[in-house]
Chemist: 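This structure is in structure tokens; I'll ask about it shortly.
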Amino acid sequence: MTEEQKLEIIAIDTLLARTREFHAAGYRLVQIGATRAEGIELNYSFDKDYHFVNQRVAAPADVPVPSIRGIYCNVVLYENEIHD
């Protein structure tokens, strides 16, 4: 049986608030992936009790994406790698 993986497309200005909601609800951060096209697309994957939720943020290349390090401290390596 395959679990449904929910995808939420969110605006960059809601990233921190939505991520705080996941953290408060007990979700763990599974991974962050990044793709470059016309800008940057970031995919954040969260899990709670084997139920995955992915949130996607797209931003122009010249717009900084806020760090979620203050919410999930383990993102340091993901964010550093994406920045490079």
Chemist: Who passes side-chain hydrogen bond (donor to acceptor under 3.5 Å, both in side chains) against Thr35, sequence neighbours left out?
Modeler: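 Scan of Thr35 (side-chain hydrogen bond (donor to acceptor under 3.5 Å, both in side chains), adjacent residues dropped) gives none.
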Chemist: To the nearest 0.5 Å, how far apart are CD1 in Ile32 and CG in Leu42?
Modeler: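 Here the rounded value is 7.5 Å.
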Chemist: Check ring pair (Phe, Tyr, Trp, His ring centres under 6.0 Å) between Tyr27 and all other residues, then give those that pass, not counting sequence neighbours.
Modeler: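 Applying ring pair (Phe, Tyr, Trp, His ring centres under 6.0 Å) to Tyr27 gives Phe22.
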Chemist: With sequence neighbours left out, what residues match Glu8 under salt bridge (Lys or Arg N to Asp or Glu O under 4.0 Å)?
Modeler: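 For Glu8, the residues satisfying salt bridge (Lys or Arg N to Asp or Glu O under 4.0 Å) (neighbours in sequence not counted) are Lys6, Arg18.
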Chemist: What salt bridge (Lys or Arg N to Asp or Glu O under 4.0 Å) pairs are there with at least one residue in residues 64-78, not counting sequence neighbours?
Modeler: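 Found Arg69-Glu79.
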Chemist: In Å and rounded to the nearest 0.5 Å, what is the CD to OG1 distance from Gln55 to Thr14?
Modeler: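 The distance works out to 7.5 Å.
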Chemist: Which heavy atom in Leu29 sits nearest to a heavy atom in Ile68, and how many Å separate them?
Modeler: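 Where Leu29 meets Ile68 most closely, the heavy atoms are CD2-CD1, 4.4 Å.
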Chemist: Which residues pass the side-chain contact (heavy atoms from CB on, under 4.5 Å) test with Pro64, sequence neighbours left out?
Modeler: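 Pro64 satisfies side-chain contact (heavy atoms from CB on, under 4.5 Å) with no other residue.
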Chemist: Which pairs, with at least one residue in residues 44-60 and sequence neighbours excluded, count as a salt bridge (Lys or Arg N to Asp or Glu O under 4.0 Å)?
Modeler: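 Listed by first then second residue: Arg28-Asp47, Glu41-Arg56.
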Chemist: Would you mind listing the cluster partners of Leu7? Hydrophobic ones only (ILVMFWY), side-chain contacts under 4.5 Å, chaining allowed.
Modeler: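 Noted: Leu7 shares its cluster with Ile9.
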Chemist: Determine whether the aromatic ring centres of residues Tyr72 and Tyr44 are separated by less than 6.0 angstrom.
Modeler: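 Not under 6.0 Å, so no.
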Chemist: Of the non-hydrogen atoms in Ile71 and Leu16, which two are nearest, and what is the gap between them?
Modeler: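 Closest approach of Ile71 to Leu16: CD1-O, 3.6 Å.
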Chemist: Among residues at least two apart in sequence or on other chains, which ones pass side-chain hydrogen bond (donor to acceptor under 3.5 Å, both in side chains) with Ser45?
Modeler: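 If we apply the side-chain hydrogen bond (donor to acceptor under 3.5 Å, both in side chains) test to Ser45, skipping adjacent residues, the hits are Gln31, Asn54.
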Chemist: For the residue pair Val30 and Phe52, what are the closest heavy atoms and their distance?
Modeler: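 In terms of heavy atoms, the two residues are closest at CG2-CE2, 3.7 Å.
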Chemist: If you look at every heavy atom in Ala59 and Val63, which pair is closest and at what distance?
Modeler: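 Nearest heavy atoms, Ala59 then Val63: CB-O, 4.3 Å.
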